[in-house]
2 protein chains.
Amino acid sequence: MAIPFDVLAEPSRRQILDLLLERPRLVGELTEHLGLTQPGTSKHLRVLREAGLVRVRRDAQRRWYELCPEPLAEVDAWLAPYRRLWTDRLDALERHLDTMPESLDATGEPDVADVPDVADVPDVPDVPDVPDGEAR
Amino acid sequence: MAIPFDVLAEPSRRQILDLLLERPRLVGELTEHLGLTQPGTSKHLRVLREAGLVRVRRDAQRRWYELCPEPLAEVDAWLAPYRRLWTDRLDALERHLDTMPESLDATGEPDVADVPDVADVPDVPDVPDVPDGEAR
DNA sequence: AAGGTTCATGCTCTTGCGGTTATATAGCCG
DNA sequence: CGGCTATATAACCGCAAGAGCATGAACCTT
């Protein structure tokens with residue numbers, strides 16, 4: 001089964017999942033929160049259903065949509081090998097701050113530039129970053 | 001900063017990240033692996049760059065692209081509240097299997113249907129699942 | 001039976017995205 | 001300098017995705 005990144009790429013669909021994280025909901029309820037039309041909501045729900053991210057229970061004319069988190073495990077699995085990269089960096093930052101507690105950064109933002117590179121570029125004459133395409 | 005799900009939705013871009021997970025690479029190298037044209041690769045790299053997922057170092061005419069995993073932390077953060085849901089289910093499965101080791105499932109696949117529902121639908125007369133839209 | 005809810009589906013329109021081709025830019029080497 | 005290499009950008013195209021509207025289907029209520 002393909003990783004459902006494309007399904008999650010849609011903000012409304014992520015919002016639906018977030019809402020279903022609290023509790024199961026009716027289509028009308030979701031529609032109200034999303035601020036789009038009911039057919040629009042239904043369409044997103046269909047995509048989520050086919051991706052196995054939600055389940056439906058019928059109750060007369062109503063449909064209770066509930067979360068089905070299993071496919072998200074695949075996203076988590078894809079993320080796994082990357083996770084250690086930024087935790088490594090954060091660890092390095094912590095060690096750094098631990099070594100020199102006089103460091104004057106008030107922000108909690110990890111100052112990546114301060115941390116020794118995890119993956120080193122093979123013997124490239126360390127040229128400053130390319131401003132190149134950045135300025136569009 | 002918005003969660004870069006839309007950037008990750010593209011298979012080629014995920015593949016690029018996977019390749020950069022090993023080591024920094026040149027555009028040509030990536031192009032070869034991806035099986036698309038060089039401009040196509042450059043375009044994806046631009047998107048990844050603007051999302052802060054990769055960095056560039058220039059080396060004469062060459063460009064070494066390297067991974068920049070920090071934005072993935074946001075994905076991880078979004079995933080966090082969901083993670084406990086499926087781990088809960090797996091835990092329940094483990095406890096289940098622990099209780100009755102005579103269980104005859106040979107597969108390692110978690111048989112979710114066996115696990116008691118985590119979130120229960122509020123007093124809906126438990127009607128069987130809707131085959132409804134599924135059959136297209 | 002009639003009318004009102006609640007939701008799904010079909011259609012159309014528009015936009016954006018991914019892909020390719022052609023071209024521009026930058027730097028190397030002979 | 002001239003040509004070659006490596007990459008970015010521009011212009012264009014086709015298609016699929018998302019949004020809205022109108023309609024259909026299922027079910028309740030009276």
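In what follows, chains are A, B, ... by sequence order, proteins preceding strands, each numbered from 1.
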Q.
Strictly distance-based, threshold 3.5 Å: is any side-chain N or O of A:Tyr82 a donor or acceptor partner for the main-chain N or O of B:Leu17?
A. yes
Q. Are any side-chain N or O atoms of A:Ser42 and backbone N or O atoms of A:Pro39, one a donor and one an acceptor, separated by less than 3.5 Å?
A. no
Q: Just compare D:dA19, D:dC27, D:dA6 and give me whichever is closest to any side-chain atom of A:Leu36.
A: D:dA19
Q: Send over the distance from A:Glu32 CD to C:dT5 C1', rounded to a whole Å.
A: 15 Å
Q | Residue mapping more 5' on DNA chain D - nearest nucleotide basis, A:Gln61 or A:Arg13 | A | A:Arg13
Q: Find which nucleotide of DNA chain C each of A:Pro39 and B:Pro39 is nearest to by heavy atoms, and output the residue with the more 5' nucleotide.
A: A:Pro39
Q.
What is the distance, to the nearest angstrom, from the CG atom on A:Asp6 to the C1' atom on D:dG18?
A. 14 Å
Q: Would you indicate what A:Gly40 reaches in the nucleic acid, counting non-hydrogen atoms under 4.0 angstrom: base, sugar-phosphate, or nothing?
A: nothing
Q) Just by modelled atom types, is the A:Val7 backbone N or O under 3.5 Å from a matching donor or acceptor in the A:Arg13 side chain? A) yes
Q: Determine the sole option in B:Leu48, B:Ile16, B:Val56, B:Leu19 for which the side chain to side chain contact (heavy atoms under 4.5 Å, CB included) test with B:Tyr65 is passed.
A: B:Val56
Q | Residue closer to the 5' end of DNA chain D, A:Gly35 versus B:Tyr65 (nearest nucleotide) | A | B:Tyr65
Q. Can you tell me if B:Arg25 uses its side chain to pair, donor with acceptor, with the backbone of B:Leu20 under 3.5 Å?
A. no
Q) Angle, rounded to 10°, between the helical axes spanning five pairs at each terminus of the helix from C:dA1-D:dT30 to C:dG30-D:dC1? A) 10°
Q. Reckon B:Leu26 touches a base, only the sugar-phosphate, or nothing at all at heavy-atom distances under 4.0 Å?
A. sugar-phosphate
Q. Mind checking whether A:Phe5 and B:Phe5 have parallel, tilted or perpendicular rings, split at 30° and 60°?
A. tilted
Q) Are OP1 or OP2 of D:dG20 and a side-chain N or O of A:Thr37 less than 4.0 angstrom apart? A) yes
Q) Can you name the one residue among B:Glu66, B:Arg46, B:Arg49 that meets side chain to side chain contact (heavy atoms under 4.5 Å, CB included) with B:Val54? A) B:Arg49
**Q.** Distance-only donor-acceptor test (3.5 Å): side chain A:Glu10, base D:dA17
**A.** no
Q.
A:Glu32: which residues meet the salt bridge (Lys or Arg N to Asp or Glu O under 4.0 Å) condition with it, sequence neighbours left out?
A. none
Q: Starting from C1' on D:dA6, measure out to CZ on B:Arg25 and report it in whole angstrom.
A: 18 Å
(Q) In this structure, how many angstroms lie between the P atom of C:dA8 and the CZ atom of A:Arg62, rounded? (A) 14 Å
Q) Can you check the B:Lys43 NZ to C:dT21 C1' distance for me, whole Å? A) 12 Å
Q | Integer-rounded Å distance: D:dA19 P and A:Arg46 CZ | A | 16 Å
Q. With no angle test and no hydrogens, is the base of D:dA6 tied to the side chain of B:Gln38 by a donor-acceptor pair under 3.5 Å?
A. no
Q. With respect to the phosphate group of C:dG19, does any side-chain polar atom (N or O) of B:His44 fall under 4.0 Å of OP1 or OP2?
A. yes
Q. What integer distance in Å separates B:Glu29:CD from D:dA6:C1'?
A. 13 Å
Q: May I ask you to say what A:Leu45 touches in the nucleic acid, namely base, sugar-phosphate or nothing, with a heavy-atom cut-off under 4.0 Å?
A: nothing
Q: Starting at atom CG of A:Leu34, determine the distance to atom P of D:dG18, rounded to an integer number of angstrom.
A: 14 Å
